[in-house]
Asks: 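Let me give you the structure first, and then I'll get to my questions.
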Amino acid sequence: MNYNIALIKGDGIGPEIVSSAVRVLEKIGERFGHTFTFTDYLMGGIAIDTCGTPLPRETVDGCRASDSVLLGAVGGPKWDKNPAALRPEKGLLGIRSALGLYTNLRPAKLYSALSEECPLRADIVEKGFDLMIVRELTGGIYFGERGRREGKYGPEAYDTEAYSVMEIERIARVAFETAQKRGKKLMSIDKANVLETSRLWREIMHRMAEEYPDVELSDMLVDNAAMQLVRCPSQFDVIVTSNMFGDILSDEASQITGSIGLLPSASLGDSKCGLYEPIHGSAPDIAGQDKANPIATILSAAMMLRYSFGLAKEADAIEAAVDSVLKAGLRTADIIGSSDKAPLGCTAMTDAILAAI
Ligand code: IPM
Ligand code: MG
């Protein structure tokens, strides 16, 4: 089969890690008899510099016309003081929204080879963890009304969180179905003791649970969830939560795996065309130095094969290769507690993964 993949390399380490994932996809193509055709599109800071907008129309059109999108990362200090409409992140939120990608899947598991790198206590590490965060991606406070105004105490800023019944129902459906395919346990995380959006969220989750009697649904307040993730991560199977809570909890989950450089993500909507990106940022401090960890992006490419193209064997081959290089003790510099061995750079880590495929 031939697949057309849109590449958004973005800023910082984006180009290096996307190139690594492209090399891996090409190798998979050779081994399994597929062709992947890649087309580059601009987004983020580089698009602001080149086209004067973080999300050029050609990028949206090109992504829509492709079979899927692979994204590196956007942002950097150069654009940090820009007005809201000219920030790199605006491009990322814009493409998620334009492609209707309301589901963000962020798996986080502890590799047995990385138990030494996990910052948690040995008895917690021993139990391991393997969880999937289902983050709502096109609603909530990220997309609510915001601005500046004159308030009771003078000038103020505001952001609003809104969730419609429809938005909660559709993410609930994905979460219950994801739980059905895994350990059949779903934890809905909210702040229902304070927020009205959370109370609606909880109400709908419970109503939907009636359609999925085989899934055990529980609720947890987000502050408690932040604590439970480091106290006993093995209690979680599938987590479903709002856009902002999912953003925060997925960074926390990544850290207990040993590094944020390991976590992939899939952003999905109702069509086959998804957007796949590492959960980490553009790491401008190490950009262009061949120090970045390509694993999160390579695993994101594996998720693309699995979720958008239905190529499970091919995805398994990539995941097994990553597993084997970690088992062999190979580490990039970001992986916590890296041993006395010199860490590998982005290219060398990619070479090792290619050799293992
Ligand atoms: C993420 C990132 C983005 C988000 C930023 C860059 C806008 O942190 O994908 O987790 O908050 O969604
Ligand atoms: Mg984030």
Side-chain angles (χ1 to χ4, degrees), residues 1-10 14 17-41 43 59-73 92 95-109 132-135 137-138 170-171 173-175 177-182 238 262-279 294-324 350 353-354 356-357:
M1 281 285 280
N2 179 45
Y3 300 92
N4 292 311
I5 299 175
L7 298 180
I8 300 179
K9 293 180 178 154
I17 55 181
V18 170
S19 301
S20 293
V22 164
R23 290 178 63 205
V24 168
L25 285 170
E26 278 170 344
K27 176 85 189 235
I28 288 290
E30 256 166 53
R31 197 182 133 189
F32 292 89
H34 307 293
T35 43
F36 299 107
T37 310
F38 301 100
T39 315
D40 279 292
Y41 294 97
M43 195 182 90
T59 299
V60 177
D61 292 344
C63 291
R64 276 207 183 109
S66 70
D67 294 316
S68 253
V69 186
L70 184 66
L71 170 72
L92 182 55
I95 193 81
R96 288 171 177 170
S97 179
L99 298 180
L101 308 172
Y102 58 85
T103 299
N104 188 213
L105 301 179
R106 299 191 157 187
K109 67 169 181 182
M132 174 72 90
I133 298 178
V134 180
R135 171 189 178 195
L137 200 62
T138 52
R170 68 181 180 184
I171 195 70
R173 197 155 275 124
V174 175
E177 284 168 12
T178 305
Q180 280 181 323
K181 290 184 210 128
R182 294 179 37 114
V238 178
L262 298 167
L263 259 63
S265 86
S267 302
L268 307 169
D270 291 323
S271 85
K272 282 256 176 244
C273 175
L275 182 148
Y276 297 82
E277 55 169 319
I279 81 154
I295 291 180
T297 316
I298 290 170
L299 291 174
S300 299
M303 288 186 90
M304 175 187 290
L305 299 180
R306 190 182 301 285
Y307 289 95
S308 282
F309 304 157
L311 301 176
K313 266 195 297 96
E314 291 80 344
D316 289 345
I318 296 178
E319 288 162 4
V322 168
D323 222 29
S324 82
T350 309
I353 293 169
L354 287 174
I357 289 176

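Values below: all heavy atoms of this structure, side chains included; hydrogens, waters and symmetry mates excluded.
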Asks: Can you tell me how far CG of Leu25 sits from OH of Tyr3, rounded to the nearest 0.5 angstrom?
Replies: 11.5 Å
Asks: Contact between Leu268 and Tyr307 at the side-chain level, heavy atoms closer than 4.5 Å - yes or no?
Replies: yes
Asks: Run through Thr37, Thr39, Val22, Leu70 and flag the one making a side-chain contact (heavy atoms from CB on, under 4.5 Å) with Ile5.
Replies: Leu70
Asks: Minimum heavy-atom separation for Glu26 to Phe38, with atom names?
Replies: OE2-CE1, 3.8 Å
Asks: How far does CE of Met303 sit from CZ of Phe309, to the nearest 0.5 angstrom?
Replies: 13.5 Å
Asks: What are the two closest heavy atoms between Tyr102 and Gly269, and how far apart are they?
Replies: CE2-CA, 4.0 Å
Asks: Does the side-chain contact (heavy atoms from CB on, under 4.5 Å) test come out yes or no for Val24 and Thr297, once each step is laid out?
Replies: CA-CA 10 Å; Val24 168; Thr297 316; over 6 Å; no
Asks: Could you go step by step and tell me if Cys63 and Ile8 meet the side-chain contact (heavy atoms from CB on, under 4.5 Å) rule?
Replies: CA-CA 9 Å; Cys63 291; Ile8 300 179; 3.8 Å; yes
Asks: Identify the two heavy atoms, one from Ala302 and one from Ala315, that lie closest to each other, and give their separation to 0.1 Å.
Replies: O-CB, 3.3 Å
Asks: Can you tell me how far CG of Asp67 sits from CZ of Phe36, rounded to the nearest 0.5 angstrom?
Replies: 10.0 Å
Asks: Check the pair Asp316, Arg306 against side-chain contact (heavy atoms from CB on, under 4.5 Å), reporting the backbone distance first and the verdict last.
Replies: CA-CA 8 Å; Asp316 289 345; Arg306 190 182 301 285; 2.9 Å; yes
Asks: Has the side chain of Arg64 got a donor or acceptor atom that lies under 3.5 Å from a matching backbone atom of Ala98?
Replies: yes
Asks: Should Leu92 and Leu71 count as side-chain neighbours, where that means a heavy-atom distance under 4.5 Å?
Replies: yes
Asks: Identify the two heavy atoms, one from Ser66 and one from Val69, that lie closest to each other, and give their separation to 0.1 Å.
Replies: OG-CG2, 4.0 Å
Asks: Find the distance between NZ (Lys27) and CD1 (Ile357) and round it off to the nearest 0.5 Å.
Replies: 6.5 Å
Asks: Between Glu319 and Lys109, is there a side-chain N and carboxylate O pair less than 4.0 Å apart?
Replies: no
Asks: Run the side-chain hydrogen bond (donor to acceptor under 3.5 Å, both in side chains) check on Ser267 and Asn104 step by step: do they pass?
Replies: CA-CA 4 Å; Ser267 302; Asn104 188 213; 3.2 Å; yes
Asks: Got a second to check how far Ile295's CD1 is from Leu262's CG, nearest 0.5 Å?
Replies: 5.5 Å
Asks: Would you sort out whether Thr103 and Val134 count as a side-chain contact (heavy atoms from CB on, under 4.5 Å), showing the intermediate values?
Replies: CA-CA 7 Å; Thr103 299; Val134 180; 4.2 Å; yes
Asks: Would you name the heavy atoms of Met132 and Pro107 that are closest together and state the gap between them?
Replies: SD-N, 3.6 Å
Asks: The criterion is salt bridge (charged side-chain N to carboxylate O under 4.0 Å, His left out); which residues satisfy it with Arg182, sequence neighbours excluded?
Replies: Asp130, Asp237
Asks: Rounded to the nearest 0.5 Å, what separates atom CZ in Arg170 from atom OG1 in Thr138?
Replies: 4.5 Å
Asks: Measuring only between side-chain heavy atoms, which start at C-beta, is Ile298 closer than 4.5 Å to Ile318?
Replies: yes
Asks: Walk me through whether Ser308 and Tyr276 qualify under side-chain hydrogen bond (donor to acceptor under 3.5 Å, both in side chains).
Replies: CA-CA 10 Å; Ser308 282; Tyr276 297 82; 2.7 Å; yes
Asks: May I ask you to test the Arg106-Leu263 pair for a side-chain heavy-atom distance under 4.5 Å?
Replies: no
Asks: If every non-hydrogen atom of Ala296 is compared with every non-hydrogen atom of Pro278, which pair is closest and at what distance?
Replies: CB-CB, 3.5 Å
